[in-house]
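Residue numbering restarts at 1 for every chain, and letters A, B, ... go by the order of the sequence lines. Remember, predicted model here, so these are calculated numbers, not experimental data.
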2 protein chains.
Amino acid sequence: MAEEFNEIIAVLKAQHIRPTKIREEILNLFFDVNHALSHSDIFLKLKNKFDRVTIYRTLEMFGNKGLIHKIVDNSGVTKYASHGHGGCDVNFKHHKTNHIHFKCKQCGNIYCLCSIEVPKVDVPAGYEMQVLNLSAEGICKICSS
Amino acid sequence: MAEEFNEIIAVLKAQHIRPTKIREEILNLFFDVNHALSHSDIFLKLKNKFDRVTIYRTLEMFGNKGLIHKIVDNSGVTKYASHGHGGCDVNFKHHKTNHIHFKCKQCGNIYCLCSIEVPKVDVPAGYEMQVLNLSAEGICKICSS
DNA sequence: CATCAATTGCAACACTGTTGCAAAACAAAC
DNA sequence: GTTTGTTTTGCAACAGTGTTGCAATTGATG
Ligand SMILES: [Mn+2]
Ligand SMILES: [Mn+2]
Ligand SMILES: [Zn+2]
Ligand SMILES: [Zn+2]
């Protein structure tokens, strides 16, 4: 619980989300870490307290309200990262624009690298590119030190 | 069946894969298209002829033998693309090196763009990048014409 | 043909994600 | 504070994907 109870509630209210127990606790989990969390991460950390369906619905809602974003890593695992606080490799309050995701091969964590630019890429004639997603793999700051 | 029966068998034998019925038919499907196929694509095209588990095992084996590679798109769907023949946007016989995948928002197909370079990206200090995966989204050559 | 190894199909299972519905919690009005 | 209507939650059920174990089949080899 690194964050103040009241700050969590304030963030929820700012997005017109009713601050219920499960919502406070899930948002608190995101604010406590600087990497992405999977549904099962969250389910385990809140062991037995809430139904898994409610967690799915909460995550979907947080996504719609812009509090978190969904990340599918290249092994197919879905995770979610907070937009505020610890979700980023630097202390940006928001990193809602397109950015690179870094997956550590050692600890498995996914970090949002919002401080580096997404490069431009030209696609072959005939293709019309709208979005470019980048994901890196390697060893994270913590595991390499 | 764009390809010769004998060519399929030759490719299988070259990788020391016994040319059984299901293997010939699956490899033939890959050689017939220039985009990636999902397990269920394959299962449906070979309707009722083979067990789904055998298809999974065949795909895994083709992957290990270097005939196809696995692609997880950013919505979490797993597909497989052939290394030879039509799997690529240009007629490379092999494109086993790292390359960009393009997903068409209209038809849903995934194409391997092996003719364009994967850019270099610098990650923040402390991170050690080993692989960089790129996936583009937009409108494919066919759907935009 | 007999033998042994590889391949296949089937049953069962785990995991992820979704939907419908009824109970509970909550906010607003009386 | 009680009634009323809306949101939220939990539960049951289900679909899709992928994996494993095992027995039956197929195929290669002598
Ligand atoms: Mn991110
Ligand atoms: Mn490819
Ligand atoms: Zn790590
Ligand atoms: Zn298309």
Check your understanding: Are A:Tyr111 and A:Phe102 close enough that their ring centres sit under 6.0 Å apart?
Key ->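 Ring centroids of A:Tyr111 and A:Phe102 are no less than 6.0 Å from each other.
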Separation of [N] [atom2] from [X] [atom1] (nearest whole Å):
X       : N      : atom1 : atom2 : result
B:Glu60 : D:dG18 : CD    : C1'   : 10 Å
A:Leu59 : C:dT18 : CG    : C1'   : 14 Å
A:Leu44 : C:dT16 : CG    : P     : 9 Å
B:Ile55 : C:dT7  : CD1   : P     : 17 Å
B:His16 : C:dT7  : NE2   : C1'   : 18 Å
A:Ile42 : C:dG17 : CD1   : P     : 11 Å
A:Lys13 : C:dC26 : NZ    : P     : 13 Å
B:Phe43 : D:dA15 : CZ    : P     : 15 Å

Check your understanding: What does B:Lys21 touch in the nucleic acid at a heavy-atom separation under 4.0 angstrom: a base, only the sugar-phosphate, or nothing?
Key ->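 No contact at all - B:Lys21 keeps every heavy atom at 4.0 Å or more from the nucleic acid.
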Review point. What is the nucleic acid contact for A:Arg52, judged by heavy atoms within less than 4.0 Å: base, sugar-phosphate only, or nothing?
Key: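 Base contact.
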Check your understanding: Does B:Leu113 share a hydrophobic cluster with B:Ile71, counting links as ILVMFWY side-chain heavy atoms below 4.5 Å and allowing steps through other members?
Key ->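 Unlinked, B:Leu113 and B:Ile71 end up in two clusters.
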Check your understanding: Any idea which of D:dG18, D:dC11, D:dT9 is nearest the A:Thr54 side chain?
Key ->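 It is D:dT9.
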Review point. Which nucleotide, D:dG10, D:dG18, D:dA12, lies nearest any side-chain atom of B:Tyr56?
Key: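 Nearest nucleotide to the side chain: D:dG18.
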Point to revise | Distance-only donor-acceptor check, side chains B:His69 and B:His101, under 3.5 Å | key: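 Side-chain D/A pair, B:His69 to B:His101: present.
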Exercise for review: Would you mind telling me which residue lines up with the more 5' stretch of DNA chain D, A:Ile17 or B:Pro19, judged by nearest nucleotide?
Suggested key: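 Of the two residues, A:Ile17 wins.
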Exercise for review: Hey, which sits more toward the 5' end of DNA chain D by its nearest nucleotide, B:Thr20 or A:Ile22?
Suggested key: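 So the residue in question is A:Ile22.
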**Study point:** Whether over 12 other heavy atoms sit under 6.0 Å from B:Lys105 NZ
**Key:**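 Yes.
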**Study point:** 5'-most by nearest nucleotide on DNA chain C - A:Arg18 or B:Phe50
**Key:**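 Its nucleotide being nearer the 5' end, the pick is B:Phe50.
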Practice item. Report yes if at least one side-chain N or O of B:Arg57 is closer than 4.0 Å to OP1 or OP2 of D:dT20; otherwise report no. Key: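 Answer is no, no contact under 4.0 Å.
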Exercise for review: Report yes if a side-chain nitrogen or oxygen of B:Thr78 is closer than 4.0 Å to either non-bridging phosphate oxygen (OP1 or OP2) of D:dG18; otherwise report no.
Suggested key: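 The answer is yes; a side-chain N or O of B:Thr78 sits under 4.0 Å from OP1 or OP2.
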Check your understanding: If every non-hydrogen atom of A:Glu117 is compared with every non-hydrogen atom of A:Ile100, which pair is closest and at what distance?
Key ->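 In terms of heavy atoms, the two residues are closest at O-CD1, 4.1 Å.
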